[in-house]
Amino acid sequence: MSDTSAMSPKTGEPIISVRGMSKYFGDFVALNDVTLDVNRSEVLCLIGPSGSGKSTLLRCLNFLEAYDGGEVRLNGDLIGWQDGDSTPRKALSTNALRQQRQHIGMVFQQFNLWPHLTALENVAEALIQVKGLPKSKAHEKAREALGKVNLSDKTENYPANLSGGQQQRVAIARAIAMEPTVMLFDEPTSALDPELVGEVLTVMKEMAAEGMTMVVVTHEMGFAAHVADRVAFLDAGRLVACVPPAEIFSQDPEDERIRTFLQTYRERNVV
């Protein structure tokens, strides 16, 4: 279980390449020398105890958190920092970083929808403001994206008139409408009532089946076990394992930290 091999089982060059990533908050080491790859059409789930660095790692992938050491590359392009040997490193300009982020969709725990806009308008807004599409074209693409998350009948609803699961699906539609190369999910079901979790996971499963490259921070072990190509287990900021899910969810995984984590999860969820 000590295999932290960077390469995934998918073929081809990795879309995301992380090498020696470290992140500090003062004296606290949030990420410690993390190295991994994510290949095209792969679903990588990040699991581990609270505070292990999962969400920090995800946020560093699109430079919402500026990583301190190592590098992250998307299709070969260095994320967040100017490529070169300057010391100290220089951050990309706001415009350059915005261009990079157009290729990286992000879905958060909270839905972050504009309450005064309909579902259709929430999805279309970034297409208009960021991609510069005319309103008619943006609305056409927004309808298409809402259809993909099974919300074609909710285009004119405001967030207050949508369930939590529906709001999260609007947030997913907003991200996929931008046609990203990679989708990042930061515990997308954690703010939902239990009966609404399934509808969001179903949409994510459909996206995975269609070949969307996804990195998912999740506490939904069933999703990680059955949908992920690989599961990365983090503990105290270190990548402990990055292996196929069967090796994580075996009856007796080799690593003590993984055994303890899964045992605690099963006790809490009566799995």
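Atoms considered below: every heavy atom in the structure, side chains included; atoms not considered: hydrogens, waters and symmetry mates.
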Just to verify, what does [X] make a side chain to side chain contact (heavy atoms under 4.5 Å, CB included) with, not counting sequence neighbours?
{"X": "A96", "value": "L92, S93"}
{"X": "T213", "value": "I15, V38, R40, V182"}
{"X": "A175", "value": "V107, M183"}
{"X": "T202", "value": "E206"}

For a 4.5 angstrom cut-off between non-hydrogen side-chain atoms, does [X] reach [Y]?
{"X": "K54", "Y": "L58", "result": "no"}
{"X": "E220", "Y": "V197", "result": "yes"}
{"X": "I47", "Y": "M221", "result": "yes"}
{"X": "L201", "Y": "V203", "result": "no"}
{"X": "E65", "Y": "K23", "result": "yes"}
{"X": "F233", "Y": "E247", "result": "no"}
{"X": "P159", "Y": "N122", "result": "yes"}
{"X": "P188", "Y": "V217", "result": "no"}

Would D37 and S17 satisfy side chain to side chain donor-acceptor pair (under 3.5 Å), going step by step from the backbone distance to the final call? CA-CA 5 Å; D37 286 342; S17 179; 3.2 Å; yes
Rounded distance [0.5 Å steps], [atom1] in [X] versus [atom2] in [Y]:
{"X": "D229", "Y": "N39", "atom1": "CG", "atom2": "CG", "value": "9.5 Å"}
{"X": "L61", "Y": "R101", "atom1": "CG", "atom2": "CZ", "value": "12.0 Å"}
{"X": "L146", "Y": "K148", "atom1": "CG", "atom2": "NZ", "value": "11.0 Å"}
{"X": "E210", "Y": "I176", "atom1": "CD", "atom2": "CD1", "value": "8.0 Å"}
{"X": "E199", "Y": "Q166", "atom1": "CD", "atom2": "CD", "value": "6.0 Å"}
{"X": "H219", "Y": "L46", "atom1": "NE2", "atom2": "CG", "value": "11.0 Å"}

[Y] backbone acceptor or donor facing [X] side chain under 3.5 Å:
{"X": "Q99", "Y": "T94", "result": "no"}
{"X": "R230", "Y": "P244", "result": "no"}
{"X": "D255", "Y": "R257", "result": "yes"}

Can you name the nearest heavy-atom pair linking [X] to [Y], along with the distance?
{"X": "G80", "Y": "L97", "answer": "CA-CD1, 4.1 Å"}
{"X": "C45", "Y": "A228", "answer": "SG-CB, 3.8 Å"}
{"X": "S152", "Y": "G147", "answer": "OG-CA, 3.2 Å"}
{"X": "K154", "Y": "A119", "answer": "O-CB, 3.4 Å"}
{"X": "V18", "Y": "I16", "answer": "CG2-CG2, 4.0 Å"}
{"X": "A91", "Y": "Q82", "answer": "O-NE2, 3.3 Å"}

Basic-acidic side-chain contact under 4.0 Å: [X], [Y]:
{"X": "R143", "Y": "E140", "answer": "no"}
{"X": "D83", "Y": "R73", "answer": "yes"}
{"X": "D33", "Y": "R19", "answer": "no"}
{"X": "E144", "Y": "K141", "answer": "no"}

Hits for ring-ring contact (aromatic ring centres under 6.0 Å, His included) against F63, two or more places apart or cross-chain, chain-then-number order -> Y67, W81
The ring-ring contact (aromatic ring centres under 6.0 Å, His included) partners of F185 (sequence neighbours excluded) come to none
### Message
Run the side-chain contact (heavy atoms from CB on, under 4.5 Å) test on M21 and C60 for me, step by step, so that the C-alpha distance in whole Å, both residues' side-chain angles and the decisive distance to 0.1 Å come before the verdict.
### Response
CA-CA 9 Å; M21 179 198 286; C60 284; 3.7 Å; yes
The side-chain hydrogen bond (donor to acceptor under 3.5 Å, both in side chains) partners of R238 (sequence neighbours excluded) come to none
Across all chains, not counting sequence neighbours, the side-chain hydrogen bond (donor to acceptor under 3.5 Å, both in side chains) partners of D186 are S55
Residues at least two apart in sequence or cross-chain that pass salt bridge (charged side-chain N to carboxylate O under 4.0 Å, His left out) with R98, listed by chain then number, are none
Can you list the other members of the hydrophobic cluster that holds [X], where links are side-chain heavy atoms under 4.5 angstrom apart?
{"X": "L127", "answer": "V130, L133, M178"}
{"X": "Y24", "answer": "V29"}
{"X": "L117", "answer": "W114"}

Q | Neighbour count >12 (heavy atoms, 6.0 Å) for atom NZ, K90 | A | no
Does a donor on one side chain sit under 3.5 Å from an acceptor on the other, for S52 and D235? no
